[in-house]
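Take a look at the structure below.
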Amino acid sequence: AQVDRLMNLPLVQRRWSESFANQWMKLDKTPQLESNLPSVRESLKSLSKFQNADELRLSMIEEVKDYMHFLIWEQKASYQELMTSDLVFPRSESLAEIYGVSAWNGSFELDQLVRAPASERAGLLSRAQFLFTGLNSTRPIMRGVELYRNYLCGTIPSPADNSTPQGIVFEDHFSGRETVQAMTEAPGTSCVSCHQGLINPLAFPFEVFDAFGKFRQNELIYHRDTEAKAGELVTTKPIDSSSNVELPTYLTGQYTDAIDLIHDVAQSPRGNLCLDIKLLSFALKSQVSMGSNDCAIQDLQLSKIQSGGSIIEAIKQVALQPEFLKRTLK
């Protein structure tokens, strides 16, 4: 009864949404925009409504909080809905431009909500905050690693050597995908085992989003920032976001782009289970790993099944677990 009473309080709901979103989406680690780099300055020309870097970064962070709050507490969403909704909540004109929509007025009334094209946005993994790198590069590797570790709860060992293998040549006309492939998929290198079959297949579908999180069909390739011609346009190439993912028990399929991939993540038992692990880790203020706290995780899974998938019921169930009642707070 007390759990129900507290969770019906608007202040509790908002505080929970903001705190959980901050931990799961790593909002406080959202990159700063490196607007001093020539290539970034050129890329900014695609945003006619850009005002300043701090405003853009903050609006991305706040949009995730608004999205999380509405989907979970107002819409009583399931995991699948949380991961696939085309709703966006851009309070600033610059973020609205990235999403290709009008700015949101702050109202959660149904007729005031803003939807992006369903072919361009699907849930949490298409938030600008998740995609934003602060650079001109989309940093595909980081996107793939983050998806695997944080949304599928997979484990990737730290590489023994992060340096580019000797003999690798980068051409000025290389796309972001071609650069990553040259750097990580060279036969016989230590990189290829993790990248070719795991990280890169999860990363490349997200190439349909630029470094700001804007949906695109073509990539503008600039001279590298370390070169004398830094920031000058080299060429334009069509985006290749196709991918074949073969990760049994995690995700398997052929995908045309990130939206295609995300819809499979949303339906995967592994993704759903990973959310429960994140919920329990958040509540216990400790890292819950796959295979630990099995009874509590099963209770969360069952509560969602019995409620038609509602994440709210899983949150309530967390507060009823012995681990939560006996946790030690510092």
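Keep in mind it's a predicted model, so treat the numbers as computed, not measured.
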So, [X] and [Y]: side-chain donor and acceptor under 3.5 Å apart, yes or no?
X	Y	result
Thr30	Gln129	yes
Tyr99	Glu120	no
Thr184	Gln196	no
Asn105	Ser107	no
Asp264	Tyr255	yes
Asp299	Gln321	yes
Asn200	Gln181	no
Glu219	Thr236	no
Ser92	Glu55	yes
Asp225	Ser39	yes
Gln317	Glu313	no

| With Tyr79 via ring pair (Phe, Tyr, Trp, His ring centres under 6.0 Å) - residues at least two apart |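 With neighbours one apart ignored, the set is empty.
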Spacing of [atom1] belonging to [X] relative to [atom2] belonging to [Y], to within rounding of 0.5 Å:
X	Y	atom1	atom2	value
Met25	Tyr151	CE	OH	4.0 Å
Ser78	Asn272	OG	CG	8.0 Å
Leu261	Leu202	CG	CG	6.5 Å

List the atom of [X], the atom of [Y], and the distance in Å for their closest heavy-atom pair.
X	Y	result
Leu152	Ser268	CD2-OG, 4.2 Å
Pro201	Ser243	O-OG, 2.5 Å
Glu63	Arg127	OE2-NH1, 2.7 Å
Glu81	Leu71	O-CD1, 4.0 Å
Leu124	Trp24	CD1-CZ3, 3.4 Å

Would a single hydrophobic cluster contain both [Y] and [X], if residues Ile, Leu, Val, Met, Phe, Trp and Tyr are joined by side-chain heavy-atom contacts under 4.5 Å?
X	Y	result
Val192	Val245	no
Leu320	Ile305	no
Phe209	Tyr222	no
Phe70	Trp104	yes
Leu273	Met83	yes

| Got Tyr148 and Leu198 here, is their nearest side-chain heavy-atom distance under 4.5 Å? |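 Contact flag for Tyr148/Leu198 side chains = yes.
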| query | Between the main-chain N or O of Asp4 and the side-chain N or O of Asn8, is there a donor-acceptor pair closer than 3.5 Å? | reply |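 It does hold such a pair.
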Quiz: residues 277-286 side-chain donor-acceptor pairs under 3.5 angstrom, not counting sequence neighbours:
| from | atom 1 | to | atom 2 | distance (Å) |
| --- | --- | --- | --- | --- |
| Lys278 | NZ | Asn150 | OD1 | 2.8 |
| Ser281 | OG | Ile277 | O | 2.8 |
| Ser281 | OG | Val288 | N | 2.9 |

| task | Scan residues 209-265 for pairs that pass disulfide bond (SG atoms under 2.5 Å apart), counting only residues two or more places apart or in two chains. | result |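 Sorted pair list comes back empty.
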| query | Could you give all pairs that pass the disulfide bond (SG atoms under 2.5 Å apart) test and reach residues 3-44, with sequence neighbours left out? | reply |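 Every pair satisfying disulfide bond (SG atoms under 2.5 Å apart) with a residue in residues 3-44: there are none.
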| task | Could you tell me if the ring centre of His69 sits under 6.0 Å from that of Phe108? | result |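 Between Phe108 and His69, which both carry aromatic rings, the centre distance is below 6.0 Å.
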| Identified salt bridge (Lys or Arg N to Asp or Glu O under 4.0 Å) partner of Glu207 from the options Lys237, Arg177, Arg216 |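 Running salt bridge (Lys or Arg N to Asp or Glu O under 4.0 Å) over Lys237, Arg177, Arg216 with Glu207 returns exactly one hit, Arg216.
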| message | For a salt bridge (charged side-chain N to carboxylate O under 4.0 Å, His left out) check, start with the C-alpha distance between Arg327 and Glu323, then their side-chain angles and the critical distance, and finish with the verdict. | response | CA-CA 6 Å; Arg327 67 180 181 154; Glu323 294 94 332; over 6 Å; no
| said: Test of understanding: with disulfide (SG to SG under 2.5 Å), list the residues that count as partners of Cys274, not counting sequence neighbours. | reply: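 Here the qualifying residues are Cys153.
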| query | Are Arg143 and Phe130 in a cation-pi setup, meaning NZ or CZ lies under 6.0 angstrom from the ring centre and within 45 degrees of the ring axis? | reply |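 No; the conditions do not both hold, so Arg143 does not lie above the ring face of Phe130.
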| Under the 4.5 Å side-chain heavy-atom rule for ILVMFWY, direct or indirect, which residues accompany Leu6? |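 Answer for Leu6: Leu9, Val12.
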